[in-house]
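Taking it in order: structure first as structure tokens, then the write-up.
Any value given below was found using the heavy atoms of this structure, including those in side chains, with hydrogens, waters and symmetry copies removed.
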Amino acid sequence: MEKLCAILILFSLLIAYTCATSKEAKDAEKWFQKHLSLRKEKVAKLHFYIQDALGGPNATIWEVARSEITSDSPTSFGQVRVLDDMITAEPDRNSEELGRAQGLITSADLRQTGLAMNMNFVFTSGPYNGSTLCILGRNSIDSTNRELPIVGGSGVFRMARGFSISNTYSYDPVENYGVLEYTLYVFYV
């Protein structure tokens with residue numbers, strides 16, 4: 001009998017928990033219903049540069065893990081790095097800052113240089129201030145016009161989808177500093 005009472009109490013709490021909705025969830029539902037009924041997507045083309053400091057005291061990319069074969073691998077297979085790079089409007093590192101590129105990159109190919117990327121573009125100024133876009137996929141960093149899917153976003157870019165094209169704009173081996181050029185084609189509601 002005690003077990004049955006305990007089960008009934010837990011079941012009641014579970015039902016009460018799932019029925020309770022926060023204000024944020026209600027606001028999100030209201031937003032979703034409004035935009036679902038409109039079914040009108042917006043399109044944006046964004047163009048910017050990422051300042052990639054690969055070493056030195058102000059590095060923006062750091063290794064956080066490696067496999068036991070990473071040191072002997074020609075592709076650094078198993079190396080995991082996190083990044084927090086500055087996004088700028090122009091290639092010059094002193095140009096207007098638009099936000100940050102933050103995420104996780106993993107050397108994930110045994111045969112050729114290829115990264116598995118999970119990166120968020122966090123916009124901190126301009127018309128997209130407070131919004132994010134997320135890309136996820138394989139980046140063949142030795143190629144030109146590397147395409148990665150845009151799989152989501154927040155703020156202005158809720159329900160985003162699309163793709164990005166990236167290229168290495170410049171690389172200075174002495175400073176271990178690279179500039180990446182990104183063009184994003186985004187659909188959102």
Side-chain angles (χ1 to χ4, degrees), residues 18 20-54 60-62 64 79-93 95-109 113-170 178-189:
T18 56
T21 3
S22 67
K23 181 182 179 336
E24 292 83 13
K26 288 179 184 176
D27 290 346
E29 179 66 24
K30 185 189 286 185
W31 176 90
F32 183 73
Q33 291 302 325
K34 174 184 172 191
H35 287 84
L36 181 66
S37 65
L38 297 176
R39 294 186 188 213
K40 187 174 182 181
E41 287 186 309
K42 299 172 189 158
V43 180
K45 177 183 174 185
L46 288 73
H47 184 256
F48 52 79
Y49 298 85
I50 293 181
Q51 307 295 321
D52 218 7
L54 298 157
T60 57
I61 297 179
W62 290 91
V64 294
Q79 182 184 48
V80 179
R81 295 175 284 173
V82 293
L83 64 104
D84 184 10
D85 290 342
M86 182 170 55
I87 301 173
T88 58
E90 300 297 329
D92 185 301
R93 67 178 87 180
S95 68
E96 176 189 3
E97 183 174 343
L98 303 175
R100 307 296 293 184
Q102 300 170 332
L104 183 70
I105 52 178
T106 305
S107 297
D109 193 320
T113 306
L115 303 175
M117 296 186 67
N118 170 7
M119 190 161 52
N120 297 294
F121 299 118
V122 181
F123 298 99
T124 58
S125 68
Y128 307 120
N129 184 20
S131 299
T132 66
L133 285 168
C134 180
I135 63 172
L136 179 68
R138 186 179 197 284
N139 187 346
S140 302
I141 59 174
D142 293 334
S143 303
T144 57
N145 297 320
R146 302 179 295 267
E147 183 175 331
L148 285 143
I150 297 170
V151 298
S154 66
V156 170
F157 295 117
R158 278 184 176 171
M159 299 184 70
R161 69 189 200 301
F163 64 96
S164 70
I165 301 292
S166 66
N167 283 292
T168 302
Y169 182 84
S170 65
V179 178
L180 306 171
E181 180 178 24
Y182 272 82
T183 305
L184 279 60
Y185 300 91
V186 187
F187 294 91
Y188 60 99
V189 293

Practice task
Would you indicate whether the side-chain heavy atoms of C134 and I150 approach each other to under 4.5 Å?
Solution key: no
Handout entry: salt bridge (Lys or Arg N to Asp or Glu O under 4.0 Å) partners of D109, counting only residues at least two apart
Key = R138
Handout entry: Pairs meeting criterion salt bridge (charged side-chain N to carboxylate O under 4.0 Å, His left out) with involvement of residues 121-137, two or more places apart
Key = none
Show me, pair by pair, the donor-acceptor contacts under 3.5 angstrom made by side chains of residues 180-189, not counting sequence neighbours?
unit_1, atom_1, unit_2, atom_2, d
E181, OE2, H47, NE2, 2.7
E181, OE2, Y49, OH, 3.4

Fill in the blank from the handout: Heavy-atom nearest pair, N139 first then S166, reads ND2-OG, 4.5 Å
Completion exercise
residues 114-130 vs salt bridge (charged side-chain N to carboxylate O under 4.0 Å, His left out), sequence neighbours excluded, gives none
Handout entry: Atom pair OG1/CD1 of T168 and I141 - distance to nearest 0.5 Å
Key = 7.5 Å
Problem - Distance (rounded to the nearest 0.5 Å) between M117 CE and I105 CD1 - result: 5.5 Å
Practice task
Please report the closest heavy-atom contact between S140 and R146, naming both atoms and the distance.
Solution key: O-CD, 2.9 Å
Fill in the blank from the handout: Residue set satisfying side-chain hydrogen bond (donor to acceptor under 3.5 Å, both in side chains) with T88, at least two apart, ordered chain then number -> Q51
Completion exercise
Of L98, D85, I135, the one forming a side chain to side chain contact (heavy atoms under 4.5 Å, CB included) with F121 is I135
Exercise for the section: Give every residue pair that meets the side-chain hydrogen bond (donor to acceptor under 3.5 Å, both in side chains) criterion with at least one member in residues 120-134, sequence neighbours excluded. Expected result: T132-S154
Problem - Close side-chain approach of L133 to F123, heavy-atom, < 4.5 Å - result: yes
Exercise for the section: Mind checking the CG-OG spacing from D52 to S170? Nearest 0.5 Å is all I need. Expected result: 10.0 Å
Problem - Any residue meeting side-chain contact (heavy atoms from CB on, under 4.5 Å) with N145, in chain and number order, not counting sequence neighbours - result: I165, N167
Completion exercise
The side-chain contact (heavy atoms from CB on, under 4.5 Å) partners of A53 (sequence neighbours excluded) come to T60, Y177
Practice task
For residues L115 and R81, determine if any side-chain heavy atom of one lies less than 4.5 Å from a side-chain heavy atom of the other.
Solution key: yes
Problem - salt bridge (charged side-chain N to carboxylate O under 4.0 Å, His left out) pairs, two or more places apart, involving residues 161-170 - result: E41-R161
Problem - Those residues that, when tested against E97, pass salt bridge (Lys or Arg N to Asp or Glu O under 4.0 Å) (two or more places apart) - result: R100
Practice task
Might you point out which heavy atoms bring L148 and G137 nearest each other, and give the distance in Å?
Solution key: CD2-C, 3.4 Å
Practice task
Might you point out which heavy atoms bring A108 and A116 nearest each other, and give the distance in Å?
Solution key: CB-CB, 3.9 Å
